[in-house]
Structure formats: structure tokens, C-alpha cells
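Excluded from the calculations below are hydrogen atoms, water molecules and symmetry mates; all remaining heavy atoms, backbone and side chain alike, are included. Chain letters run A, B, ... following the sequence lines, proteins first and then strands; every chain starts at 1.
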Amino acid sequence: MQQQFSQALFSTNELEQEDLLNDIKGHSLAERTQRLNVYRNNVFVSLMEALGEIFPVCKQVVGDAFFNAMARQYVDRHPPESAILSEYGDQFSEFVSHFFAAQSLPYLASLCDLEYRLLQMTHSAEPTHLSLIEAQQRLSQASNPEALQLLLCSQCELLSYPYTVGKLYLAHKQPQQDLSQLQLQQTEYLMLTKSGLYGCIYPLSSIEFEFITTLKKNPSLSQALPESESFDLGQTLAKLITWEVFSDIYES
Amino acid sequence: MMTFSKPQAEGKSLPSGFAQQTGISLKPCYYEQILATQPKVGFFEIHAENYLSDGGPARHYLEKIRNLYDITVHGVGLSLGGDEKLNLEHLERVARLVERVQPAVFSEHLAWSTHQQYFFNDLLPVPYTEDRLQRLCEHVDQVQARLKRQILIENPSTYFEFCSSAMEETDFIAELVKRTGCGLLLDVNNVDVSCFNHQRNPYDYLRTFPLQAVQQIHLAGHTLDEKAQPALKIDSHDQPVTTDVWHLYQHTIELIGDRPTLIERDGNFPELSVLREEAVMADRIRALVKEAQNAAAI
């Protein structure tokens with residue numbers, strides 16, 4: 001029965017619904033179909049609403065009608081595989097990148113990817129990190145800066161997008177922001193980390209991105225330093241300390 | 001591991017617990033206000049599946065609110081009425097939540113929501129047959145064994161009945177209680193919704209319901225789809241409790257005596273004070289019934 005029911009939820013083909021409809025009490029086929037449709041509607045609407053909560057900025061950017069059309073198709077093709085709805089939508093970005101009507105918005109898939117990662121970051125465990133003061137003390141007390149090991153919290157994610165979706169995301173979180181000057185078609189480097197209870201985004205320059213990527217693989221400061229003269233170590237460390245992304249700082 | 005202290009019942013003017021005063025659904029939009037104002041309600045109820053993450057605001061605020069109030073945990077994703085084996089990974093996550101929160105009760109539904117690897121996010125109906133009953137009993141036994149506690153099963157709201165059902169819903173539920181020793185969560189709104197949708201009398205339904213096993217009551221609002229032919233009530237949980245449901249609630253506790261009660265709200269959230277007013281209304285009815293029963297006993 002549940003095989004038929006599952007099929008009927010995702011099919012408008014009466015033949016595929018026939019067995020289930022025959023097992024539903026009702027005076028007419030129309031009545032039986034109407035009763036079944038309450039469940040179909042509940043499933044689709046609740047999952048579309050869930051996607052709207054998981055991708056709120058995408059929904060704001062494209063508008064409710066466009067978003068719901070995309071979400072309905074996604075629900076139809078990719079029903080959740082977990083009862084934990086905050087984990088739903090892991091394939092949404094990929095889906096959006098192939099959604100025909102969204103081809104004129106090439107940044108949309110990147111935006112969805114960013115939103116999904118941010119939400120998962122929010123729901124992840126709070127990392128153990130050095131406070132701003134602790135990190136400052138460790139650095140100032142270092143006797144041999146070349147031997148410094150800078151360990152980043154394991155949650156820190158480094159992302160590079162072909163569009164400035166981080167700026168777009170942040171602008172949508174500030175309703176008064178003027179979006180007309182936003183240059184979307186530009187590579188963007190971001191750090192995602194947890195600030196308090198929530199996932200948050202920090203923009204990086206390409207050279208900072210390179211430095212932190214290396215540091216993530218190998219915490220040795222001297223080995224992570226880029227050769228470029230444009231790199232400002234003091235400024236970059238000041239940012240990272242303020243963002244409280246170090247789990248440990250010590251001299252090897 | 002996060003641990004919770006027990007609610008403080010004495011010595012401070014904190015709200016009384018689960019049994020004495022009506023509770024309210026716990027939703028993120030109320031977290032800050034609850035902590036700031038500590039409203040006088042008996043308990044808060046959470047949906048298990050919204051509190052299974054390793055961190056973030058849900059876990060943080062639950063811990064803080066648990067330190068002030070009793071909590072009940074209401075599962076919506078175990079799919080106890082399903083054909084297939086329970087998802088053990090999901091059950092483990094729920095069990096860990098229950099161990100952490102130590103809720104006054106854990107409840108789930110007489111419904112299914114998962115098939116193969118897919119979760120449908122709705123409470124889908126089961127036909128009332130011996131096969132289905134046996135499977136449901138196995139699942140309830142399994143959950144009770146893992147959680148090491150009796151669980152409560154909620155009567156469903158349904159939009160159709162199966163021709164293949166071989167017994168009445170109330171007989172099916174009574175047999176479930178008999179075979180598993182589970183308790184029941186009586187959702188009075190579900191009684192009103194289902195009976196309306198199947199042209200039955202809700203008061204007759206209650207007469208045949210195994211009321212002695214009821215350990216908690218849910219009250220919620222619904223919407224009416226008048227365009228449908230016949231019209232259908234939809235268990236939307238996004239409206240105030242209706243007058244019909246209040247009457248049915250009073251009748252229920254006249255039959256079985258006082259029971260812990262929840263004002264359940266899952267959408268179209270009003271000010272917290274509005275839900276609290278509904279909780280006060282439930283408490284008033286509970287007090288009136290108790291008073292009348294005490295007077296009759298004298």
C-alpha cells in the first residue's frame with residue numbers, strides 16, 4: 001500500500017493512482033481524488049516552504065512565484081532523504097544550475113550553495129576557539145614568530161565563487177542596501193565560519209585566500225606566507241584574530 | 001555532553017510543571033521572549049526533528065529554556081506506521097535528544113512518513129488491518145525499548161478512510177495500547193477534523209476511544225476548505241483553537257478527568273501572549289471541570 005501511496009503522491013497520472021484510489025472511501029472518483037490531493041498538497045507545500053526557509057535570499061532575489069516553481073520541481077525530483085528538514089536541499093544548487101528558467105541568473109546556483117553551507121554551519125557544533133584577547137596574547141608573547149603554528153578551527157570553510165554572491169547575500173540581509181552598484185560577475189573569495197551560534201561570511205582578497213588555504217593544510221606561519229609583496233600579514237592576522245577563527249596558536 | 005538541570009519546582013516563583021498548567025509549542029520566534037519574560041505556562045513542547053543538530057540556536061535555546069521549564073518531545077519523523085524497518089540512525093539521534101532533555105513525555109504519531117529512502121514531511125494514514133497493527137506494535141515496542149520509557153501515540157487527523165480497513169480506528173488504537181503498553185496523546189482537534197471529514201460524530205468517537213490510556217491532550221486550530229466537495233477540515237495548526245474543539249475538550253476532561261494539555265501551533269505565529277491566552281483558557285476549563293467534579297463528589 002505504501003508503495004502505491006508514495007507513487008500517487010508524486011504522480012498526476014490516474015493510472016498510477018488507480019490502486020490507491022480504489023482503496024479510498026468516497027462517493028465518486030472526484031471525491032476520492034480530492035481527498036488524496038490533500039496529502040499531495042501537504043507534502044509539496046510543506047517541502048516548498050522548507051526550501052524557502054533554507055534558501056531565503058534566493059527566494060528574495062527571484063521572487064515567490066519563480067522560487068516556488070523551482071522548488072516544486074526540486075521536491076518532485078529530489079524528495080528529502082532525512083526527517084531533519086534543515087538538512088534538505090543538498091542538491092538544490094546543482095538543480096538550480098540546470099533549471100532552464102534560471103539560465104539568465106547564472107549566479108543563482110552559487111548563491112544557493114552559499115546559503116546551504118551557511119545553514120549547515122549554523123547547525124554544526126560550536127567550535128572551540130581562542131578569544132580575541134587569548135589570540136593577541138599568544139602572538140605578542142611569541143619569541144620566534146617564524147616558529148609560530150596557527151591552527152584554524154576545523155569548521156572554517158574557504159570558498160571561491162565566480163560571482164560575488166557573498167556580497168549579494170550580505171546586501172539582502174541589510175534591507176536598506178543599494179544593490180544597483182553591485183558587480184556580480186567577479187570572482188569572490190570567502191571564509192565561512194561560526195560566529196556565536198550562527199554561520200557567517202567574511203570576504204577575503206585572493207592573496208588572503210591563498211594564505212589561509214595554505215595555513216589550513218599546514219599551520220606553520222612561515223611556510224604559509226605568500227611571496228607576493230601585496231600581502232599584508234599584520235592586517236590579515238588582525239582580521240583572523242577579530243573573527244576568532246584560531247583554535248590554537250603556539251611555537252613549534 | 002550538554003546536560004540539563006531539573007526545573008526548579010520550589011523556592012522560586014517559577015512556573016509549575018507539565019501536570020499542573022497548560023503548555024505551548026516552542027518555536028524559534030519565541031525563544032528570546034520566553035527567556036526575557038518567563039511566561040507562566042506549564043511546559044514547552046518541541047518537535048524532536050527540529051532539535052537534533054550538534055549546535056546552533058535550536059540546541060542553545062532549548063538548553064536554556066529546559067533549565068526553566070518542563071519539556072515534552074513530540075516526534076514527527078519516526079514513521080511508526082511504516083511498512084519498512086525503522087531508520088535506526090534516526091532513532092538513535094532521537095534517543096540521544098530524549099536522554100539529554102529528559103522530557104516529561106515523548107510522543108509520536110499513528111502515521112507513516114517515510115518510504116524507501118524518502119521522507120514526505122506529512123503524517124500519512126494507515127489502513128486499520130491486523131497486519132498493519134502488528135507492524136506498528138513492533139515499531140512502538142522497538143522505540144520504547146530504545147528510549148527505555150513508555151511513549152505516547154497520537155490519534156491521527158485524516159482526509160480519507162481505507163476500504164481495506166478491517167476495524168474501527170478506536171479499536172485499532174485500543175489494541176495498540178493493549179499489546180504494547182504505550183500511552184496515548186489525544187489530539188482533540190484531530191478528533192474534530194477527522195470526524196468532520198468522515199461525517200462522524202466526534203462525541204461518539206470519544207465514547208469508543210480508549211480514554212483510560214490518555215496521558216496528554218493536544219489542542220490546535222484548523223482551516224476549513226469549503227471549496228472541496230464535500231468540504232474538508234485541514235489540520236493546519238495555524239489558527240486559534242475553535243469553539244467546537246474547546247467544547248469537545250471540556251467534554252473529554254469531564255469524561256477522563258484532568259490531563260496535561262498543550263496548545264499546539266506550527267504556523268502563522270501570533271504574539272506569544274495570544275498562545276498564552278489560549279493556555280489560560282484551557283487552564284480555566286480544567287479548573288472548572290475539577291471544581292464541578294469535586295462538588296459532585298461531596
Checking side chain to side chain contact (heavy atoms under 4.5 Å, CB included) for the pair L85(A)/E49(B): CA distance, chi angles, key distance, verdict? CA-CA 8 Å; L85(A) 282 186; E49(B) 282 68 17; over 6 Å; no

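- Two residues are said to be in side-chain contact when any heavy atoms from C-beta on lie closer than 4.5 Å; Q229(B) and E31(A) fail this criterion.
- Q2(A) is not listed as a side-chain neighbour of Q116(B), based on a closest heavy-atom distance of 4.5 Å or more.
- Residue N197(B) touches chain A through both its backbone and its side chain, counting heavy-atom pairs closer than 4.5 Å.
- Contact count versus chain A (heavy atoms, under 4.5 Å) is highest, among G81(B), G82(B), P125(B), for P125(B).
- Contacts between Y61(B) and chain A at a heavy-atom distance below 4.5 Å involve the side chain alone, from C-beta outward.
- Highest contact tally toward chain A, considering only H115(B), H198(B), E161(B), E84(B), is held by H115(B) [criterion: heavy-atom pairs under 4.5 Å].
- Summarising the geometry, atom SG belonging to C163(B) is positioned 5.5 Å from atom CG belonging to D23(A); distances are rounded to the nearest 0.5 Å.
- For L36(A), the parts lying under 4.5 angstrom from a heavy atom of chain B are both the backbone and the side chain.
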Show me the donor-acceptor pairs, under 3.5 Å and distance only, between side chains in residues 119-126 of chain A and residues at least two apart or in other chains.
unit_1, atom_1, unit_2, atom_2, d
Q120(A), NE2, S86(A), O, 2.9
T122(A), OG1, L118(A), O, 3.2
T122(A), OG1, G199(A), N, 2.8
S124(A), OG, M121(A), O, 2.6
E126(A), OE2, K194(A), NZ, 2.6
E126(A), OE2, G56(B), N, 2.6

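- Remark: side-chain polar atoms of R35(A) are not paired, donor with acceptor, to backbone N or O of F160(B) under 3.5 angstrom.
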Step by step, work out the side chain to side chain contact (heavy atoms under 4.5 Å, CB included) result for I84(A) and R93(B). CA-CA 10 Å; I84(A) 303 160; R93(B) 288 176 82 170; 3.1 Å; yes

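- Contact of L78(B) with chain A is not made at all, since no heavy-atom distance falls under 4.5 Å.
- At a heavy-atom cut-off of under 4.5 Å, chain B is reached by no residue from residues 57-76 of chain A.
- Across all non-hydrogen atoms, the minimal contact from G77(B) to A83(A) is CA-CB, 3.9 Å.
- Considering only heavy-atom pairs separated by less than 4.5 Å from chain B, the leading option among R32(A), E87(A), H27(A), H78(A) is E87(A).
- Atom OG of S82(A) sits about 8.0 Å away from atom CD of E89(B), to the nearest 0.5 Å.
- The side-chain heavy atoms of M1(A) and F162(B), taken from C-beta on, include a pair separated by under 4.5 Å.
- Side-chain atoms of N42(A) never come within 3.5 Å of backbone atoms of D122(B) as a donor-acceptor pair (strictly under, hydrogens ignored).
- Within the 4.5 Å cutoff, side-chain heavy atoms of S6(A) are placed close to those of W112(B).
- Of all the listed residues (P230(B), G55(B), S53(B)), the one sharing the greatest number of non-hydrogen pairs under 4.5 Å with chain A is G55(B).
- Only the side chain of Y198(A) comes within less than 4.5 Å of a heavy atom in chain B; its backbone stays farther off.
- Within residues 15-22 of chain A, the residues having any heavy atom less than 4.5 Å from a heavy atom of chain B are, in residue-number order, L20(A), N22(A).
- Ranked by heavy-atom pairs shorter than 4.5 Å toward chain A, the options R132(B), H47(B), Q117(B) are led by Q117(B).
- With sequence neighbours excluded, the residues forming a ring-ring contact (aromatic ring centres under 6.0 Å, His included) with F120(B) are F10(A), listed by chain and number.
- Closest of all the heavy-atom pairs between N121(B) and S46(A) is ND2-OG, 2.9 Å.
- Each of T114(B), L124(B), D225(B), L52(B) has some count of heavy-atom pairs under 4.5 Å with chain A, and the biggest count is that of L124(B).
- In this structure, T158(B) and Y39(A) have side chains that are in contact, with non-hydrogen atoms separated by less than 4.5 Å.
- Note: R59(B) CZ to L197(A) CG = 12.0 Å, rounded to the nearest 0.5 Å.
- Under the 4.5 Å side-chain criterion, counting only non-hydrogen atoms from C-beta, E81(A) is not in contact with F119(B).
- The shortest distance between side-chain heavy atoms of K227(B) and Q34(A) does not fall below 4.5 Å.
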